Amino acid sequence: MYRKLKLDVVNSIKDAINTLDWEVPDNIPVEEPPNAKMGDLASSVAFELAGKLKKSPVEITQDILKVFIKPENFDQVESKGPYLNFFIDYQKFSKLVLNSINEGYGNLKIKNRKIILEHTSANPNGPLHIGHIRNSIIGDSLNRVLMRAGYTVETQYYVNDMGRQIAMVVWGLFNLKFDEKTAETSYKEQINYDPYLWAEQILKNRPELDALEEKYVNALKNILYLQVLVDENQKDHQIGKLYFRVNQELKARPELIDEISQLLITYEGGEDPLLEFIFKEAVNSCLEGMEPTLKRLHVNHDSFIWESKYVRDGSVEKVIEKLKDSGYTKENEVLYLDLKDFGIEKELVLMRSDGTSLYSTRDLAYHLEKSRKGDVVIDILGSDHKLAIDQIRLALGFLDVKSPEVIFYEFITLPEGSMSTRRGVFISVDQLMTEAVERAKAEIKKRRTDLDGTEIAEIAEKIGIGAIRYYIARLSPEKHMVFKWDEALSFERGCASIQYAHARACKLLQKAEKFDATIDLENILDHYQLENSEMELIKTISQFTSVIEESAQTRKVHKIAQYSLDLASAFNKFYKSLPVIGSEEEILRVFLVDKSRITIKNCLDLLGIEAPESM
RNA sequence: GCCCUGAUAGUGUAGUGGAUAUCACGUAGGAUUGCGGAUCCUAUUACCCGGGUUCAAGUCCCGGUCAGGGCACCA
C-alpha cells in the first residue's frame, strides 16, 4: 500500500511537470521528511529542475503547486521552501490498508523467476560454529524474503566431499580412534560396553575382511562406532575432534601429506569402492550431525549437492576442455588460467600436477550448472572468497554463462581472535543455542510463576533461537563482528521485545469480546477521527510490503530486522497511549490489534523467528 | 608490498547527493488507581583526518590513519 502512495506521488509530480511543459527528470526523488509536521512524504524535484530552468527551487515548487492535482489518499499538499510536502488522508488510506491485510499479508505478486541460492556450505569436517551461521542466517532469511517477494527459490548446500580437508578426516579414520572419553553418548552408558570391542566383534570372523589392509578394518570400526554408538547430533563434533587431531599429527609429521594426497588421488580415480564408501560415510556422518543444528535454527536447504558429482559425471573435464578453447589457459607443469589481461595477477590453477581436480574447478562446474538452471544465481560467501569469485566470474564469462550475484559477509571473530576448526578454536552453534535457551528459561522463570516446565521450555526455545537469529540478521553483512555472549543473548529490547509485542497483541485478542473480522470499516472511519498513534501504526503496517520488496531487490535482510523493531515500537506506543478493551472504539481497535499481530508474525517469520502467543 | 571491506554518540548500529542524521544498549530523570512493566515518555552525546566535485557530501572522487580479510597445485 505504501508503495502505491509513493508511486502516486511520483506520477502526480510528473503530470504537473508535463502540464508546465518542462522536461521530466529521469528520477523523481520521494523521501520521508525528517519531521511529521512536514508531512508523510516529500520531494526535492525542484532542485533538479532548477539548473535547467534557471529558476530558484522555491519558485519552481510554487509553479508546480499551482497546477498540481492531488493524488488519491492525500488530503494536503504544501510547499515548505523548496520542498513539496504531502500529507496522507488517513481516513481513506486506513480503510485501504486495513482491508488489504489477511493472514498472508506480505505475499507479493508471483514473479516467475527462479533463483538458486547457495548458502552455508560449510566443510563437513566439524560442527557448525558461530562463524558459519552468519552465512546460514543471512542465506535462510534471504530465502524467506525472496519467496514472500514472489520468486521461486531453490536453496542449496554445496558439500565439499573431495577436498584435502576431507581426505584428512579419512586419514584419521584409517589411522586413529575416536576418543571414547569425549563421546558423551547415552547409548554407550546404557550398554556399559567398550564400543571398539563391540565393533571388533561385529567385524570378527568375516573372511572378506581378512583380505583387507589393517587400516581399512580400522576405518570400518570407526565408522561403525560413529554410526551406531554416537548420538546423531554429536557426529559432527566427533568428526571435528578427529580432524583437529589429524592436524596435530600433520604438524608433527609433515611427510604425512603424501599419504593424504594419495587418498585424494585414489578417491578421485573412483576405482576403490571401499575407499569411496569411507569418504562418503565420513562426510555423511558430519552432515547428519549438522542437520539437527540447522533444523533447530530453522534453516532450510532444498538440496545438498556433492561436489564429487561434477568429477564423476565428467563435467569438470568438459569445463577444462572448454576453457582451453578460450585461449586464456597456459601450461607449465600445471594447467592454469592466465587472467592478467583482466587485472587479476593471480592465476587460476585448474588441475593439480598429480592430475586431481581442485576446488575452484569443481566449483566452476557447479556454477555452470546453477547458471543454466536458474534465472538468477546467488551465493552467500565469506569475504575471504572475493578473489576466488573474481576468477570464477571471468572463467564463467569464457564459458558463456551468467555469473552469480554474491553476498559477501565479513567474519565473526571471538574477542581473543579468529575461529578455526583446524585449531579446534570455536564456539559451536549447538553450544550457542543451548546457552541461549537456558538464559531465556531463567528469564521466563523470573517473570512467570504460572507456567509449568513444558510451557517454559517451549517459549524459551522460541526466545533463545530468536535472539540468535536476530543478533546476526540485524547487522549489515559487510560489518565485521566480534562475538560477545552478553550481546548475542541480550533479551532487553532486540528480538524479545518484538516477540513480546506479538504476545501482547494475542493476549488482547483473547480477552476482547468484541472481535469481529468483518466490521464495516467504511462506516466506522467516516465517524471517527484516528488518533496519532493509530495513524502511525497504520502507516508502519502499510510499509511492510515495500520493506519486503526493497529487501528482496537489494538482497539485504537487515532492513527487515530494523523494520520489525519499528513495527513493535509503533504497536507498543499505540497500546500505551490508547485503551482497547472497554473503550468506545473497541471494535476498531481490536481490529487494528489483529492486523498488527499478523504483520508482526509475518515479519518475524521472514527472519526465521517464531512469534510466541504468550511469553 | 599489492588488492578488497569497514570507520557515524560511552558502546553497537541505520542511513537511495537533499530539510533538524536512524534505532537500540548505557546513563540520569519520569509515567501507570487501565488491556501483561520484556512497556511508554524526557534528557544525554556522534558522521576518523586532509583535500576536491556540487546549489547541496555521512553519502561521490583523491590522499592519509586505524581495524579485519585476501594475495595456495587449501576450501
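Side chains included, hydrogens not; waters and symmetry mates left out as well; all remaining heavy atoms used. Everything quoted here is computed from the prediction, not taken from an experiment. Every chain is numbered from 1, with letters handed out A, B, ... down the list of sequences.
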At under 4.0 Å between heavy atoms, what does [X] touch on the DNA or RNA strands: base, sugar-phosphate, or nothing?
X        : answer
A/Arg448 : base
A/Asn572 : sugar-phosphate
A/Ala50  : nothing
A/Thr356 : nothing
A/His385 : base
A/Leu508 : base
A/Met351 : nothing
A/Leu475 : sugar-phosphate
A/Ile459 : nothing
A/Glu345 : nothing
A/Glu333 : base

Heavy-atom donor-acceptor pair, A/Ser569 side chain to A/Leu565 backbone, under 3.5 Å: no

Watson-Crick/G-U partner (both atom distances under 3.5 Å) of B/U20: none

For B/C25, the Watson-Crick or wobble counterpart (both distances under 3.5 Å): B/G10

Flag if over 12 foreign heavy atoms under 6.0 Å of CD, A/Glu461: yes

Distance in angstrom units between A/Asp566 CG and B/U13 C1', rounded: 13 Å

Audit row: A/Asp40, A/Lys539, salt bridge (Lys or Arg N to Asp or Glu O under 4.0 Å) steps and yes/no: CA-CA 9 Å; A/Asp40 298 293; A/Lys539 179 170 156 187; 3.4 Å; yes

Test log, rule salt bridge (Lys or Arg N to Asp or Glu O under 4.0 Å), inputs A/Lys370 and A/Glu118: CA-CA 9 Å; A/Lys370 286 197 283 189; A/Glu118 179 202 336; 2.7 Å; yes

